[in-house]
2 protein chains.
Amino acid sequence: MSSTIKVLLAEDQSMVREALAALLGLEEDIEVVAQVARGDEVVAAAHAHDIDVALLDIEMPGCTGIEAAARLHRELPAVKLVVLTTFGRPGYLRSAMEAGADAFLVKDAPAAQLAEAVRKVLAGDRVIDPTLAAAALAEGANPLTDREREVLRAAADGSTNAELARALHLSQGTVRNYLSTAIQKLAVRNRTEAVRIAREKGWL
Amino acid sequence: MSSTIKVLLAEDQSMVREALAALLGLEEDIEVVAQVARGDEVVAAAHAHDIDVALLDIEMPGCTGIEAAARLHRELPAVKLVVLTTFGRPGYLRSAMEAGADAFLVKDAPAAQLAEAVRKVLAGDRVIDPTLAAAALAEGANPLTDREREVLRAAADGSTNAELARALHLSQGTVRNYLSTAIQKLAVRNRTEAVRIAREKGWL
DNA sequence: CCGCCCGTATGACATCTGTCATCCGGCAGT
DNA sequence: ACTGCCGGATGACAGATGTCATACGGGCGG
């Protein structure tokens, strides 16, 4: 016991990543032994370094921190997972938990909570902002079906129905139907609002 | 001369802000003497602390780092300005320079460049990513008129023409005209794409 | 086995959006 | 004084979008 806690840090923005590493480096009992900038490099790096805790940003190229968490949880269940994100979206919290995360932190929480969380998850605790947890429970589950989500995601960039139909191998009418039901489920008036709301809730 | 360089750090996400402070704290010659989380607190903090360099994130509540830079430049022209941002949007670079910034850094640049930039601006140099500078020059100036930008910004959340007309005290037809010309200037096919492109270029 | 939801599709309809021509008053350059 | 651009507006039109009813096959829970 109690040599240092070995941490893998995954975050795409170098400056932020190295700054977080500097922050954790100030702690006597924590050592950042690996850094990656892409979600799809997490698992390999974890295998290569024998780590105790993985600190994962959600928004990353390659794959999201949540997907990375899920894979890591399957392949190396002993590794504790701390998910870190810019956006406190309740849906994110929900999916992070389903992926096996032990802690969920938003980046506008005080920096001290980071090292705190690392130590706590290693001790077997879970770390979740209670406000966010309440919000996640209050808003209920994602009402969108898989297809509705796919279409909405594809529609986010302003693609037209015809383009969506082509891209998703659907008829144009079907695309409209999915968007229509999504719009109704989200209680908004057009696809743009639907995309916005779904994003805010972390349902996209 | 040459005691330490006194830095003000403005960034809304506590964890990132304190991590950057930790990073700069590792440098012998740099000292973070003040931290703020809002753009509209920058000027007051600068007055209170007699700083050499202000390090400003763009995306902040209160006001943007660019607006804060402009005010600081007017009130305390001796303070050097480093603008830091997540998004390498050419339009941001342009407006940052117009606001009097001495350096423009994107957060996915290596962390070492941060301290580097602080030292260089103090020495009277300017620090700009050459790739970004080229992009900013290549894309030309913002082609949108004030009103077009306003309408586009207001349309970003999915508001309908009628809502936009009400909000901006315009006729519905005028709203459509502005959106139409914006769409044509940006060479896209609908308002959603127009918003996306304008955002990407930093023209919004 | 029956109902229910999902994925997919069609057709009809109403409304919203985008385009275009045209107009006005004001202001800046030449 | 003339020209051109901007802000603002109207009307007409085509095409995109949103709604609704309806249909069919597959799967899953009761």
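Lettering follows sequence order; numbering is per chain, from 1.
Within a 6.0 Å radius of NZ in A:K120, no more than 12 heavy atoms belonging to other residues, nucleotides or ligands are found.
What separates OH of A:Y178 from P of C:dT8 is a distance of 4 Å, to the nearest Å. The distance between atom CG of A:L152 and atom C1' of D:dG18, rounded to the nearest whole Å, is 14 Å. Here the C1' atom of nucleotide C:dG18 and the CD atom of B:Q172 are 13 Å apart, to the nearest Å. One atom, CG of A:N177, and another, C1' of D:dC24, lie 14 Å apart when rounded to the nearest Å. Straight-line distance from the CG atom of B:L179 to the P atom of D:dG15: 20 Å, rounded to whole Å. Regarding A:E193, its CD atom lies at a distance of 11 Å from the P atom of D:dG18, rounded to whole Å. If you take CD1 of A:I183 and C1' of C:dC16, they are 12 Å apart, rounded to a whole angstrom. Rounded to an integer number of Å, the gap from CG of B:L170 to P of D:dC6 is 16 Å.
Considering A:V53, A:D52, A:D50, A:V42 as possible partners of A:L8, the one that fulfils the side-chain contact (heavy atoms from CB on, under 4.5 Å) test is A:V42. Results of the side-chain contact (heavy atoms from CB on, under 4.5 Å) test with A:R17 over A:D12, A:V32, A:L9 single out A:L9 as the only residue that passes.
Looking only at atom types and distance, the side chain of A:E59 has no donor-acceptor partner in the side chain of A:T64 under 3.5 Å away. B:R191 and B:N161 form a side-chain donor-acceptor contact under 3.5 Å, judged by distance and modelled atom types alone.
Phosphate contact (OP1/OP2 of C:dT19, side-chain N/O of B:S180, threshold under 4.0 Å): present. Applying the 4.0 Å criterion to OP1 and OP2 of D:dT17, one finds that A:N161 has a side-chain N or O inside that range. Distances shown here put every side-chain N or O of B:T174 at or beyond 4.0 Å from the OP1 or OP2 atom of D:dG7. Phosphate proximity of D:dG18 to A:R191: present, with a side-chain N or O under 4.0 Å from OP1 or OP2. Distances shorter than 4.0 Å separate none of the side-chain N or O atoms of B:R147 from OP1 or OP2 on D:dC6.
You'll find that the side chain of A:Q184 is closest to D:dC20, out of C:dA9, C:dG18, D:dC20. With distances taken from any side-chain atom of B:T145 to the nucleotides D:dG7, D:dG18, C:dA9, the minimum falls on D:dG7. Proximity note for B:R176 (side chain, C-beta onward) versus C:dT17, C:dA21, D:dG7: the nearest is C:dT17.
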